[in-house]
Amino acid sequence: MKKRELEQLIQKIVNEKVEEGAIKSPVKVMLERPPREELGDFSTNVAMLLTKSERKPPRQIAELLVPSIEALGCVEDVRVEGPGFINIYLKKDCWYDTLKEILQKRGSYGDCPHVGEGKKVQVEFVSANPTGPLHIGHGRGAAVGDALSRILEAAGYQITREYYINDVGKQMTILGHSLYIRYLELLGKDVTLPEDHYQGDYIKDIAEEFLKRQGKKYAEVPFDECSQLFIEFAKDSILSGIKKDLEDFGVHFDVWFSEKTLFEKNLVETTIEELKARGVIYEKDGALWFKTTEFGDDKDRVLVKQDGSTTYFASDIAYHRNKLRRGFNTIVDIWGADHHGYAPRIRALFSALGEDPERLKIILIQLVSLKRGGKPVAMSTRKAEFVTLREVIDEVGKDAARFIFLTRKADAHLEFDLELARRQAPENPVYYVQYCHARIMSILEFAKEKGLDIPDAPHTELLRRLDLKEELNIIKHLSRLEEVVESAATSFEPHRVTFYLRELAALFHPYYNTHRVVSEDTELSLARLTLCRATAEVVRKGLRLLGVDAPSRM
RNA sequence: GCGCCUGUAGCUCAGCUGGAUAGAGCGUUGGACUACGAAUCCAAAGGUCGGGGGUUCGAAUCCCCCCGGGCGCUCCA
């Protein structure tokens with residue numbers, strides 16, 4: 001029995017009471033899980049919500065509803081407890097239906113298409129500048145963005161994963177020039193890399209590659225005459241590295257959106273024209289301003305500078321206007337938390353274009369503080385001292401890294417201990433869940449060798465053998481998957497799935513340790529094997545939503 | 001100075017959008033493998049939910065004020 005189903009049944013009862021006149025005002029029924037199992041499987045606070053409009057004590061209102069709820073097929077008992085909670089106890093047979101449903105739906109169990117109804121959502125994430133390799137912080141953004149996308153897909157949304165490439169502007173010229181300098185260095189020229197250039201060794205590697213491909217023919221060519229070539233080469237090389245890193249991290253983007261194309265298609269200009277037409281653009285001090293203060297921003301923002309060049313913000317609004325034009329119902333931007341100040345301006349754009357700013361959902365990713373064996377690791381982008389995503393993948397593995405990134409709310413600081421993450425030790429949380437899956441697969445294997453044939457569609461008769469409290473608790477937890485997916489999707493918080501899985505494993509491991517699955521009692525064995533199979537199915541599904549593998553052996 | 005985020009057990013963090021006696025993991029201490037995987041399990045200890053007010057049947061959760069931490073306040077990208 002799922003919460004949503006029971007919620008609807010009780011809502012119907014309340015609505016009937018309202019029609020009959022027994023209750024004066026309508027109320028939305030919300031079920032919740034009581035804090036302790038003695039208080040039932042579900043409970044509702046409707047009676048307390050109605051005290052004011054009914055002018056009756058909550059318990060009296062509750063009693064009005066109890067008989068109809070008791071009459072529901074799945075309900076074993078209904079009690080009014082505490083200040084006026086209506087606590088509902090379900091029949092065991094209803095829980096066994098959960099197992100049947102899991103085995104029938106398999107990988108699609110937990111999906112809730114009614115939430116998204118096929119609406120289009122764009123998720124833009126990572127979007128790191130193509131001036132250097134991805135570092136561990138980008139990894140967190142990648143893990144969150146991808147897991148969120150997977151969860152939204154399970155919730156029935158149509159997702160476009162997108163990466164925005166900042167491939168224009170001064171930084172690109174500096175990148176190209178950095179490569180140029182390293183190239184000349186290789187040719188034995190006496191040059192030094194300016195301080196504001198990219199210092200990382202990766203530029204040297206690219207320079208060697210450049211030399212191999214292009215030879216020495218640019219040795220005497222001034223940078224001004226070959227800048228485009230160097231810029232393109234550096235950018236393409238870095239970008240293909242980024243793509244490779246992300247693929248190996250299990251993240252695949254549908255669209256790689258180039259900022260440059262905004263200019264090529266005149267979209268920056270068109271956007272400014274549209275804003276002009278809407279009367280939110282003015283000129284001051286030789287620059288062109290967007291009146292964002294009209295929509296809640298602190299100060300107005302420059303779009304075209306005195307020297308005639310456009311700002312980064314100009315590209316950004318053109319990009320977001322383009323997103324809107326592409327027909328996404330919701331636009332999700334995942335940013336580093338240090339960019340939070342930009343939110344009001346982008347929202348201002350939505351308002352200025354007559355769009356609901358609520359369509360833009362911004363998720364901020366807090367910084368990762370990196371440790372190694374409990375000791376902090378210093379990071380400095382400028383000095384190119386940082387731990388790259390590549391190193392993390394190679395050192396601790398994709399699964400452990402992704403899982404750890406998803407053990408916290410996105411906007412909370414995350415401590416990432418490289419040594420801990422790499423260690424296959426109990427304190428490493430990913431193995432707790434993966435081990436649960438591997439363990440079950442091993443049990444199923446064992447059962448097969450014993451000649452036990454687990455039914456694909458077990459009868460309730462058989463499942464009734466699962467009457468231990470631990471067994472029912474596991475089944476009840478399994479029944480929550482859809483709720484968790486829905487809440488993770490609507491709150492944009494993928495970490496909820498992580499916690500759910502840990503809880504599930506924490507129910508299964510002790511059960512396994514105290515009760516034998518495969519025993520002399522064939523019927524009981526089959527019932528328990530069914531439970532195991534359903535559990536493995538849900539663990540696998542949950543891990544898939546996080547982009548983490550569910551190994552059969554570890 | 002202004003704005004956003006944040007403060008929950010020794011440490012790292014959850015807390016289901018306002019519910020009943022606030023929960024995990026790690027760490028600490030003690031215990032469990034001659035039957036399905038010990039990457040597991042069992043037990044113990046650990047709290048003024050930063051502080052103060054307010055809203056109401058009810059607050060860790062919502063509002064205001066302080067205190068502490070982080071991050072933003074470029075015609076930078």
Side-chain angles (χ1 to χ4, degrees), chain A residues 3 30 32-36 39 43 45 48-49 51-52 57-58 81-85 87 129 131 166 168-172 174 259 284-289 297-299 301-307 309-313 315-316 336-344 364 366-367 374 407-409 411-415 417 420 423-436 438-447 449-450 480 483-484 486-488 490-491 493 495-496 498-500 502-503 505-506 508-519 525 528-529 532 553-554:
Chain A
K3 188 168 100 169
M30 304 261 277
E32 52 195 73
R33 312 268 168 179
R36 298 187 305 281
L39 296 173
S43 89
N45 61 348
M48 290 182 287
L49 293 176
T51 44
K52 223 175 255 173
E81 285 164 309
F85 289 102
N87 292 338
N129 289 340
T131 55
N166 295 114
V168 291
K170 205 162 62 183
Q171 53 168 357
M172 282 295 110
I174 293 176
E259 180 183 3
K284 194 183 85 178
D285 304 331
L288 214 58
W289 297 71
D297 195 9
D298 295 355
K299 49 187 86 168
R301 307 291 168 180
V302 170
L303 295 179
V304 183
K305 296 183 252 181
Q306 266 183 349
D307 65 5
S309 62
T310 57
T311 58
Y312 176 89
F313 180 52
S315 300
D316 234 27
D338 53 338
H339 285 70
H340 71 261
Y342 295 82
L364 300 172
Q366 262 301 349
L367 298 181
T407 53
R408 303 277 180 271
K409 245 185 322 209
D411 58 0
H413 287 273
L414 172 77
E415 199 172 273
D417 194 313
L420 175 70
R423 231 183 313 157
Q424 301 195 353
E427 58 263 44
N428 192 338
V430 63
Y431 300 113
Y432 190 71
V433 175
Q434 284 187 324
Y435 184 58
C436 178
R439 190 175 229 181
I440 292 174
M441 296 318 279
S442 167
I443 298 168
L444 297 180
E445 193 61 33
F446 176 83
E449 282 164 19
K450 289 256 174 185
R480 285 185 45 205
E483 283 168 52
V484 171
E486 176 171 348
S487 87
T490 56
S491 64
E493 292 184 349
H495 75 279
R496 295 189 187 201
T498 314
F499 280 87
Y500 169 79
R502 190 206 280 268
E503 285 160 9
F508 185 81
H509 285 309
Y511 169 64
Y512 170 85
N513 270 285
T514 42
H515 302 284
R516 256 200 90 74
V517 175
V518 179
S519 64
S525 300
R528 289 182 171 174
L529 286 164
C532 286
R553 266 171 238 265
M554 295 171 65

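For the numbers below, each heavy atom of this structure counts, side chains included, while hydrogens, waters and symmetry mates do not. Lettering follows sequence order; numbering is per chain, from 1.
For the P atoms, the distance linking rG50(B) with rU8(B) amounts to 6 Å, nearest Å. rA22(B) and rC16(B) have their C1' atoms separated by 14 Å, with the value rounded to a whole Å. If you take atom P in rG7(B) and the same atom in rC2(B), they sit 22 Å apart, rounded to whole Å. The separation of rG46(B) from rA24(B), taken at their C1' atoms, amounts to 14 Å, rounded to a whole angstrom. Separating the C1' atom of rU61(B) from that of rA20(B) is a span of 16 Å, rounded to the nearest Å. Taking atom C1' on both rG15(B) and rA77(B), the two are 39 Å apart, rounded to the nearest angstrom. Rounded to whole Å, the P atom of rC64(B) lies 22 Å from the corresponding atom of rU17(B). Comparing the same atom, C1', in rU56(B) and in rG19(B) gives a spacing of 12 Å after rounding to whole Å.
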Could you write out RNA chain B as a dot-bracket string, with dots for unpaired bases, | for bases paired across to another strand, and Watson-Crick or G-U pairs counted at under 3.5 Å? (((((.(..((((.....[...)))).(((((.......))))).....(((((..]....)))))).)))))....
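Residue-level contact check: A438(A) touches the bases, meaning some heavy atom is under 4.0 Å from a base atom. Across all strands, P510(A) comes closer than 4.0 Å only to sugar-phosphate atoms, never to a base (heavy-atom distances). When heavy atoms are screened at a 4.0 angstrom cut-off, T51(A) is found touching no nucleic acid atom at all. Among the atoms of the strands shown, none is found under 4.0 Å from any heavy atom of V430(A). At a threshold of 4.0 angstrom between heavy atoms, the contacts of S491(A) include nucleobase atoms, whether or not backbone atoms are also involved. Base engagement by R553(A) is indicated by at least one non-hydrogen atom pair under 4.0 Å involving a base atom. If you check every strand for non-hydrogen atoms under 4.0 Å, K52(A) touches sugar and phosphate atoms only. Within 4.0 Å (heavy atoms only), F85(A) reaches at least one base atom of the nucleic acid.
At distances below 3.5 Å, at least one donor-acceptor pair connects side-chain atoms of R528(A) with backbone N or O atoms of R516(A).
Smallest separation of non-hydrogen atoms from N166(A) and Q171(A): O-NE2, 3.2 Å. Closest non-hydrogen pair, H413(A) versus R408(A), comes out as O-CD, 4.2 Å. Counting all heavy atoms, side chain and backbone alike, T514(A) lies closest to P510(A) at OG1-O, 2.8 Å. Across every non-hydrogen atom of A287(A) and Q306(A), the tightest pair is CB-N, 4.2 Å. Considering all non-hydrogen atoms of both residues, A505(A) and V433(A) come closest at CB-CA, 4.3 Å.
For Y500(A) and rC16(B), the OH to C1' distance is 13 Å, given to the nearest whole Å. Atom C1' of nucleotide rG58(B) and atom CG of L49(A) are separated by 11 Å, given to the nearest angstrom. In this structure, L420(A) places its CG atom 17 Å from P of rC11(B), rounding to the nearest Å. When the C1' atom of rC36(B) is taken as reference, atom CZ of F446(A) falls 5 Å away, rounded to whole Å. Rounding to whole angstrom units, CG of residue N129(A) and C1' of rC76(B) are separated by 11 Å. Per the geometry, CG belonging to N428(A) stands 17 Å off C1' belonging to rA38(B), to the nearest Å. Spacing between atom OH of Y432(A) and atom C1' of rC41(B) amounts to 9 Å, rounded to whole angstrom units. Spacing between atom NZ of K409(A) and atom P of rC4(B) amounts to 18 Å, rounded to whole angstrom units.
Put simply, the side chain of N87(A) and the base of rA20(B) share a donor and an acceptor less than 3.5 Å apart. Residue-to-nucleotide contacts include a donor-acceptor pair under 3.5 Å from the side chain of S43(A) to the base of rA20(B).
Dashed line: the shortest gap from a side-chain N or O of H495(A) to OP1 or OP2 of rG15(B) is under 4.0 Å. Contact annotation: R439(A) reaches the phosphate of rA38(B) (side-chain N/O to OP1 or OP2, under 4.0 Å). Contact between the side-chain N/O atoms of Y431(A) and the OP1/OP2 oxygens of rA39(B) is not found at any separation under 4.0 Å.
The shortest distance between side-chain heavy atoms of P58(A) and F85(A) does not fall below 4.5 Å. Considering only heavy atoms from C-beta on, F446(A) stays 4.5 Å or farther from V517(A) through its side chain.
Of the candidates rA20(B), rC36(B), rU40(B), rA20(B) carries the atom nearest the L39(A) side chain, counting heavy atoms from C-beta on. The nucleotide whose nearest atom lies closest to any side-chain atom of D411(A) is, among rG25(B), rG19(B), rC5(B), rC5(B). Comparing atom distances between the N513(A) side chain and each of rC41(B), rG19(B), rA14(B) picks out rC41(B) as nearest.
Between the side chains of T131(A) and N129(A), not a single donor N or O lies within less than 3.5 Å of an accepting N or O. A donor-acceptor contact closer than 3.5 angstrom is absent between the side chains of S43(A) and E32(A).
Interatomic distance, CZ of R36(A) versus CG of N87(A), reported as 10.0 Å (0.5 Å rounding).
Nearest-nucleotide mapping onto RNA chain B: of Y435(A) and A412(A), the residue sitting toward the 5' end is A412(A). Toward the 5′ end of RNA chain B lies the nearest nucleotide of R502(A), the other residue of the pair M441(A) and R502(A) mapping further downstream.
Ring planes of H515(A) and Y511(A): tilted class, angle from 30 to 60°.
Annotated as anti: rU29(B), whose glycosidic dihedral deviates from 0 by more than 90°.
For H509(A) and Y512(A), the ring centers are positioned 6.0 Å apart or more.
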Each nucleotide of nucleotides 70-75 of chain B classed B (base within 4.0 Å of a protein heavy atom), S (only sugar-phosphate) or -, in 5' to 3' order, makes SBSSSB
